[in-house]
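Some notes on the structure that comes next.
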Amino acid sequence: MAAIYDGDYPDGSDHDYYRELAASLNAAHITDLGCGTGILTVTLADRGRTVIGIDPAAAMLARASSRPAGDSVEWRLGTSRLLDTNRNDLIIMTGKVAMHILGDDWHITLKDIAHGLKSGGLLAFETRNPLAQAWTEWNDPGSKRNTAAGLLRESTTTSDPDPDGVITMRCHNEFIDANHEVDVEQRLQFRTVDQITADLNCAGLTVLRVWSDWTGTPFTGAASERLMIFEAHLRT
């Protein structure tokens, strides 16, 4: 699955947003938490910055470290527990990674982030607006597509959210050219803007802005706004 990650999540307007944010902050120490294959992370590692990528998946980090400019980033296998304390000008969670952090782990992660930021440091991340009900679009009885790993036949079933906003997605992936099958089950947590704001506040982080797209349109809470992009700073 790591082999097809970059094709499924290529460089685009989301990456532009994070790069421009880092430049506007003149951030010298950046951590990409849940960095995946590092497709964005390596592009942040210039201008003498210290850039760290953290991810719990060894296969993702193997691809990250082997990509061009991979040696310009310090890669760490693990979770938010590995964040440097009181060092970061900017911590980012991209690719909607926040939705993969469930229950108590979410609150632990936010506290770790607060400890990892310098005074006035910024956290930025995006998540899905639950009012848009994106999960209703994800069921797929079976389809084929070409990937970096060859022809892929995939099917997906998705549950409705439980009382905590958690959906379960089950994906069957058949890599036809490689004669290899992979079954993936993942759980994603949908949280409202008010819930996230309260969770950040409890961790010592204050929301500065919430955008509904990558061009800086303010989030209003409408069901038509599929994204919520948060910027929150460490409260002093």
Keeping the roles fixed (side chain from D32, backbone from G53), state whether a donor-acceptor pair exists under 3.5 Å. no
Stepwise salt bridge (Lys or Arg N to Asp or Glu O under 4.0 Å) check, D112 with R81: CA-CA 6 Å; D112 289 341; R81 294 295 193 188; 3.4 Å; yes
Rounded to the nearest 0.5 Å, what separates atom CG in N173 from atom CG in D183? 7.5 Å
Ignoring hydrogens, what is the shortest heavy-atom contact between C35 and T41? Give both atom names and the distance. CB-OG1, 3.5 Å
Are I108 and L110 connected in a single hydrophobic cluster, I mean Ile/Leu/Val/Met/Phe/Trp/Tyr linked by side-chain heavy atoms less than 4.5 Å apart? no
Supply the atom-to-atom distance L44 CG to R49 CZ, rounded to the nearest 0.5 angstrom. 6.0 Å
Nearest 0.5 Å please: distance from the CD1 atom of I113 over to the CE atom of M93. 4.0 Å
Just verifying a value: how many Å separate I167 CD1 and W135 CH2, rounded to the nearest 0.5 Å? 8.5 Å
State, to 0.1 Å, how close A114 and A203 come at their nearest heavy-atom pair, and which atoms those are. CB-O, 3.2 Å
Spell out, yes or no, whether L188 and I196 are grouped together once hydrophobic residues are joined by side-chain heavy atoms under 4.5 Å, including indirect joins. no
Taking C-beta and beyond as the side chain, do F175 and V182 meet within less than 4.5 Å on heavy atoms? yes
Look at the side chain of N129 and the backbone N and O of E225, then say whether any donor-acceptor pair between them is shorter than 3.5 Å. yes
Pairs flagged by side-chain hydrogen bond (donor to acceptor under 3.5 Å, both in side chains) wherever residues 98-107 is involved - sequence neighbours left out: W106-D199
Sequence neighbours excluded, which residues qualify as salt bridge (charged side-chain N to carboxylate O under 4.0 Å, His left out) partners of K96? none
Might you work through the side-chain contact (heavy atoms from CB on, under 4.5 Å) test for D14 and T94, ending with a clear yes or no? CA-CA 8 Å; D14 53 341; T94 69; 6.0 Å; no
Checking the side chain of T31 only, and the main-chain atoms of L33 only, is there a donor and an acceptor separated by less than 3.5 Å? no
Between D89 and H29, is there a side-chain donor-acceptor contact under 3.5 Å, judged purely by atom types and distance? no
Tell me whether Q189 contacts the main-chain N or O of G103 through its side chain, where contact means a donor paired with an acceptor under 3.5 Å. yes
Are L208 and W214 connected in a single hydrophobic cluster, I mean Ile/Leu/Val/Met/Phe/Trp/Tyr linked by side-chain heavy atoms less than 4.5 Å apart? yes
With a 3.5 Å cut-off and no angle check, do the side chains of D213 and T215 form a donor-acceptor pair? yes
Answer yes or no: is there a donor N or O on one side and an acceptor on the other, between the side chain of D140 and the main chain of T156, under 3.5 Å? no
Separation between CE of M228 and OG1 of T127, rounded to the nearest 0.5 Å: 5.0 Å
Side chains of R19 and T43 only: does a donor on one sit below 3.5 Å from an acceptor on the other? yes
May I ask you to test the I92-L40 pair for a side-chain heavy-atom distance under 4.5 Å? yes
For the residue pair R67 and T37, establish whether any side-chain heavy-atom pair is separated by less than 4.5 Å. yes
Transitively linked via ILVMFWY side-chain contacts under 4.5 Å: L90 with L117? no
Any side-chain heavy-atom pair from P130 and R191 closer than 4.5 angstrom? no
Distance from M60 atom CE to I39 atom CD1, nearest 0.5 Å? 11.5 Å
Transitively linked via ILVMFWY side-chain contacts under 4.5 Å: I101 with V166? no
Close side-chain approach of L200 to L123, heavy-atom, < 4.5 Å: yes
Distance-only check: which donor-acceptor pairs under 3.5 Å involve side-chain atoms of residues 229-236, not counting sequence neighbours?
{"from": "E231", "atom 1": "OE1", "to": "R209", "atom 2": "NE", "distance (Å)": "2.7"}
{"from": "E231", "atom 1": "OE1", "to": "R209", "atom 2": "NH2", "distance (Å)": "2.9"}
{"from": "E231", "atom 1": "OE2", "to": "Y17", "atom 2": "OH", "distance (Å)": "2.7"}
{"from": "E231", "atom 1": "OE2", "to": "W211", "atom 2": "NE1", "distance (Å)": "3.0"}
{"from": "R235", "atom 1": "NH1", "to": "N201", "atom 2": "OD1", "distance (Å)": "3.0"}
{"from": "R235", "atom 1": "NH1", "to": "T206", "atom 2": "OG1", "distance (Å)": "3.2"}
{"from": "R235", "atom 1": "NH2", "to": "N201", "atom 2": "O", "distance (Å)": "3.0"}

